[in-house]
S.K.: 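Attaching a single structure in structure tokens format; questions to follow.
FYI, side chains are in, hydrogens and waters are out, and symmetry mates aren't considered; it's all heavy atoms of this structure. FYI, the numbering just counts along the sequence from 1.
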Amino acid sequence: MPKTARGRGRQVNAFQALALLLSFVLVAGLGGVLAAGLALPGVAIANGITEMSQTAFDDLPTELDEGALPEKSRILASDGTLLATFFNQDRVVVPLDEVAEIMQQAVIATEDRRFYEHAGVDVMGMVRAAARNAMDDDSQEGASTLTQQYVKNVLIEGADSAETDAEKQAAINEARASKGTAGIARKLREAKLAITLEKRMSKDEILEKYLNIAQFGSSVWGVESASQRYFGMRAVKLDYLRAATIAGITKSPSYWDPTLHPERAEKRRNVVLGLMLREKYITQKEYDEGKAIPIEDTLNVQTPKLGCMSANGSVAGAGYFCDYVTKVIRNDEAFGDTQKKRLRLLYRGGLTIWTTLDKTMQAAADKEVKAGIPVDDPSGIGTAMVVVEPGTGQIKAMAQNRVYNNTQDHGDRETAVNFNTDNAYGSASGFPPGSTFKPFTLLQWLKEGHALGETINGTKLKYNLSEFNAPCTNLTGSWEFGNAEGKGSVMTVLQATMNSVNSGYVAMASKINMCDIFTGASDIGVHLAGGAAGDGPVQPLPANVLGSQSISPLTMANAFATFASNGKYCAPIAILKVTDTDGKELEVPSAGCSQKIDAGVAKTMNYALSNVWNGTAKGVARPPFAAAGKTGTTTHNEHTWFVGYTPRLAAAVWVGHTDGMKTMHGLKINGRSYSGFGAGPWGSSIAAPTWVRFMNDALGDGKNPGFDSLPNDLVYGKKISVPSVIGMKENEARGVLTSRGFQVVVSRERVPSDLEAGRVAQQDPSGWAVAGSVITLRLSDGSQQRDPCQDHPEFPGCGGNENGPPDQGPPGRDRGRDSANQQ
């Protein structure tokens, strides 16, 4: 805004204001306009007026605060393809030498034919206009020079920086005032500022600034944007006919807009052609020929790619990614310390924003997501996919089976809600990930030195919460859950992983520090999605081992990307580079990559999760390159997932209701019925096949390395000898095995044996096993036990030597003890 040296002077009425203007004009005529622009000598026009006039005139500002003009920002895909533009004013600032000379001449002929002759004001025209406006509220007359018009536009632009909307409107009203005292005051202010401006700037500099600030249509600012909007060409390429069209608009930008009112615009263009002929900028022949050409024949109207709704026209389904980028700018302090400043930068800062979006991958993701469940599928089920590059955190694609629409006027399957992101970046609140959360328990299992080959007791379906080692929280009560597979069994951790056995994973969680499961997940970016899901890390509760709290697909994809990069975590990023109007690079959010998981542990994760194709996804066509992942299905088939990765890409696919926890069981989705026992849908039904199709599209023609190999002991663990407890009583056998670090499960099944009933008849495994594994014991039913007197009649009570050898118990017990002692 203009700067003043003192407070407001005395208020004046219309007659006094006009007298002040006349004083200015008189002095300008006698002493020269440039002198009048800086001081108003005492001129006795009427008693009492001169003193007031001097004070009022001195109070007018002399400095014009010319802030940077607002320019439109552009969001680009990684290859430079324009996705969308953002602006409060559609403007591209260009130097004067990038505006055709005939365009410059057209504006001068139309707006200020004596532009190169005056010193900033047209004195007599100003008096005529001021007098008529002061005496007749219903008439308006302009007579402003280009310099004055530039000043007016700067004052209007400056109003945008006001703190409140009321202050902004007041400043705009002051800058546009045209009637009465206020109108004369505006003219005086413009005149004084214009004269001062012309003392320090050349005519060409002023013309350049005017051509960039002026409004050339209902939503177009600056001659470059106008030229591109109406004709699809740069301003430097304009011919006289098109220049006349643009030059005629500024008098009333909406009224003369050729896209809104082509007939009016053609008449106005012809008037401008006459003005150009008068100034001899065109010939009579050009004038005659130009008037005869319909304006429609010259127009080549370009629809601006305004906002993210236009992004789909450049890259299929890219509206949601574009929207995510705008939310990153809105939320991240790298772009300003307040949200207002950040949005102002986006819409006025003329930024060029290079993003991570890969056009080919985005098109493939959009295609395959909608092939899995079409947008108009009668089920209404939603599905989404997000793709992240391991080792960089770059988001390569973001798709869902909806049409991006951020207006209130949208169809049933149109929305601006982004299913892939946190609430703060797309208004969704994530979804429960189900079994895709289990790998974070596996991660902690491996960190604590356990192995994939270790056996666990997967038969237990009810726990006292005190059985969990959770020092970070206070757990009380009990918890019961179920398995999709049934009662469960003793199994290896690898089997529990590939078959996604709930009871196996809960058993694992009960053997390690449960708090560290969730800390380890948080270390690689796992957090609640916000909104209805809440914020912060996932709560350290046994139920959350099975994926009960809502997380966004982007968070899950990016966490799994850490496994793919052998433990290197990078925060997800969507922006590669941002430059301002001068080409200067701005700071952008960093991926902050660092090693979060031991490489050996991460490689073991890759091996374990690559077995999904032999487990819960065995019915899905396996990709022809190294790939790993995890299916996920919530308790009643409300949400299903597949989160998977290759060394090159990680992606999460979610399928479910978009409006809460409602089962998908019993629905027909994309022509397939999911009714009947065991029909699902599961993570392997829609999500996993969508994932595979996308990966084949994205990676099928490229070089796809395998996962790094790792030592067997990281997979199978280090085996130690297992003491033989055959023949021992149950409690004795438990003591021997647990003292060696093994877990013990006693089968309910009794087996035929010649041992005394209740003694250990079988153990599995025997010989060697991974430290910490479960040893299953089966007890004798005693059905084949022989009467010891048949073999040893000399034992007491057998009718032989009453003082025979001492009772040493059944032979089997002796053998068991000997064997144990040997270990």
Side-chain angles (χ1 to χ4, degrees), residues 430-445 447-448 450 454-493 495-497 499-522 526-529 532-534 536-551 556 616 630-641 660-663 665 682-683 738 743-748 772 774 776:
F431 310 98
S435 293
T436 60
F437 197 87
K438 288 175 180 173
F440 306 123
T441 296
L442 177 61
L443 175 62
Q444 186 60 30
W445 178 266
K447 285 181 178 179
E448 293 191 15
H450 296 281
E454 202 169 316
T455 53
I456 50 177
N457 178 13
T459 63
K460 194 171 180 179
L461 300 175
K462 184 176 181 179
Y463 283 77
N464 290 320
L465 296 184
S466 60
E467 295 180 68
F468 294 94
N469 175 23
C472 61
T473 188
N474 182 27
L475 299 177
T476 59
S478 61
W479 176 51
E480 191 169 358
F481 58 94
N483 281 329
E485 305 82 7
K487 294 181 178 179
S489 63
V490 173
M491 65 196 77
T492 67
V493 169
Q495 290 170 327
T497 300
N499 295 315
S500 194
V501 183
N502 287 349
S503 57
Y505 263 80
V506 175
M508 291 164 61
S510 71
K511 303 301 178 186
I512 57 180
N513 187 319
M514 194 178 71
C515 294
D516 286 347
I517 294 173
F518 298 92
T519 299
S522 180
V526 178
H527 59 274
L528 299 177
V538 180
Q539 294 175 301
L541 301 172
N544 286 335
V545 168
L546 305 181
S548 298
Q549 289 190 286
S550 293
I551 301 171
M556 294 299 293
T616 55
K630 185 73 190 68
T631 57
T633 306
T634 54
T635 304
H636 299 293
N637 310 90
E638 302 96 338
H639 300 279
T640 65
W641 295 68
M661 294 292 287
K662 298 185 291 187
T663 183
H665 185 70
W682 315 102
T738 55
Q743 302 175 62
V744 178
V745 170
V746 177
S747 172
R748 295 181 179 180
V774 171
T776 302

S.K.: Ignoring hydrogens, what is the shortest heavy-atom contact between S503 and F481? Give both atom names and the distance.
M.R.: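 Heavy atoms only, the tightest pair is CA-CE1, 3.5 Å.
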S.K.: After noting the C-alpha distance and the side-chain angles of I456 and Y505, does the key distance pass the side chain to side chain contact (heavy atoms under 4.5 Å, CB included) rule?
M.R.: CA-CA 9 Å; I456 50 177; Y505 263 80; over 6 Å; no
S.K.: Where the side chain of E448 meets the backbone of N513, is there a donor-acceptor pair that is under 3.5 Å apart?
M.R.: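 Checking the backbone N and O of N513 against the side chain of E448, a donor-acceptor pair under 3.5 Å is found.
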S.K.: Below 4.5 Å, heavy atoms only, C-beta onward: do L541 and W479 meet side chain to side chain?
M.R.: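 Side-chain contact under 4.5 Å: no.
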S.K.: Do the side chains of T497 and K438 get nearer than 4.5 Å, heavy atoms only?
M.R.: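 The answer is no, as the side chains (C-beta and beyond) never meet within the 4.5 Å cut-off.
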S.K.: Under a 4.5 Å cut-off applied to non-hydrogen side-chain atoms, are V538 and L528 in contact?
M.R.: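 In contact.
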S.K.: With side chain to side chain contact (heavy atoms under 4.5 Å, CB included) as the criterion, how do K447 and D516 come out once you've worked through the C-alpha distance, each side chain's angles and the decisive distance to 0.1 Å?
M.R.: CA-CA 10 Å; K447 285 181 178 179; D516 286 347; over 6 Å; no
S.K.: Between the side chain of T473 and the main-chain N/O of A470, is any donor-acceptor distance below 3.5 Å?
M.R.: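 No.
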S.K.: Could you tell me the separation between the OG atom of S550 and the CE atom of M661, rounded to the nearest 0.5 Å?
M.R.: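 So the OG of S550 and the CE of M661 are separated by 7.5 Å.
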S.K.: Donor-acceptor check, side chain of T640 to backbone of T633, threshold 3.5 angstrom: yes or no?
M.R.: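 A pair under 3.5 Å: no.
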S.K.: Where do G458 and M491 come nearest, in terms of heavy atoms and distance?
M.R.: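 Looking at all heavy atoms of both residues, the closest pair is CA-CE, 4.0 Å.
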S.K.: Closest heavy-atom contact between P540 and C472?
M.R.: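 In terms of heavy atoms, the two residues are closest at CG-SG, 3.7 Å.
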S.K.: Please list, chain by chain and in numerical order, all residues satisfying ring pair (Phe, Tyr, Trp, His ring centres under 6.0 Å) with F518, sequence neighbours excluded.
M.R.: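 For F518, the residues satisfying ring pair (Phe, Tyr, Trp, His ring centres under 6.0 Å) (neighbours in sequence not counted) are F437.
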S.K.: Could you check if a side-chain atom of W682 sits within less than 4.5 angstrom of a side-chain atom of T616, using non-hydrogen atoms only?
M.R.: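 A side-chain contact is absent here, since even the closest heavy-atom pair is not under 4.5 Å.
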S.K.: Tell me the closest heavy-atom pair linking Q743 and T455, and the distance in Å.
M.R.: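 What the structure gives for the nearest pair is NE2-O, 4.1 Å.
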S.K.: According to ring pair (Phe, Tyr, Trp, His ring centres under 6.0 Å), who are the partners of W445, at least two apart in sequence or on a separate chain?
M.R.: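 W445: ring pair (Phe, Tyr, Trp, His ring centres under 6.0 Å) contacts with H450.
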S.K.: Quick one: pull up CD1 in I517 and CD1 in I512 and give me the separation to the nearest 0.5 Å.
M.R.: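 Between I517 CD1 and I512 CD1, I get 4.0 Å after rounding to 0.5 Å.
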S.K.: Quick one: list whatever passes side chain to side chain donor-acceptor pair (under 3.5 Å) with N499, sequence neighbours left out.
M.R.: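 If we apply the side chain to side chain donor-acceptor pair (under 3.5 Å) test to N499, skipping adjacent residues, there are no hits.
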S.K.: Shortest non-hydrogen contact from L465 to P542?
M.R.: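 For L465 and P542, the tightest heavy-atom pair comes out as CD2-CG, 3.8 Å.
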S.K.: With distance as the sole criterion, is a donor-acceptor pair present between the side chains of N544 and Q549 under 3.5 Å?
M.R.: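 Yes - a donor-acceptor pair under 3.5 Å links their side chains.
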S.K.: Strictly distance-based, threshold 3.5 Å: is any side-chain N or O of T441 a donor or acceptor partner for the main-chain N or O of A509?
M.R.: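 Such a contact is absent between T441 side chain and A509 backbone.
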S.K.: What residues form a side-chain contact (heavy atoms from CB on, under 4.5 Å) with S510, not counting sequence neighbours?
M.R.: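 Residues passing side-chain contact (heavy atoms from CB on, under 4.5 Å) with S510: Y463, F468.
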S.K.: Would you list the pairs meeting salt bridge (Lys or Arg N to Asp or Glu O under 4.0 Å) in which at least one residue belongs to residues 461-483, sequence neighbours left out?
M.R.: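 As it turns out, the salt bridge (Lys or Arg N to Asp or Glu O under 4.0 Å) pairs with a partner in residues 461-483, which skip direct neighbours, are K460-E467.
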S.K.: Flag the pair S435 / N502 as yes when at least one side-chain heavy-atom distance between them is below 4.5 Å, and no otherwise.
M.R.: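 Of all side-chain heavy-atom pairs linking N502 with S435, at least one is under 4.5 Å.
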S.K.: Distance only, no hydrogens: is a donor on one side chain within 3.5 Å (strictly under) of an acceptor on the other, for K630 and S500?
M.R.: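 Their side chains do contain a donor-acceptor pair, which is all the 3.5 Å distance test asks for.
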S.K.: Restricting to side chain to side chain donor-acceptor pair (under 3.5 Å), what partner residues turn up for Q495, sequence neighbours left out?
M.R.: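 Side chain to side chain donor-acceptor pair (under 3.5 Å) check on Q495 returns T492.
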S.K.: If you look at every heavy atom in A543 and S548, which pair is closest and at what distance?
M.R.: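 That closest heavy-atom pairing would be O-OG, 3.0 Å.
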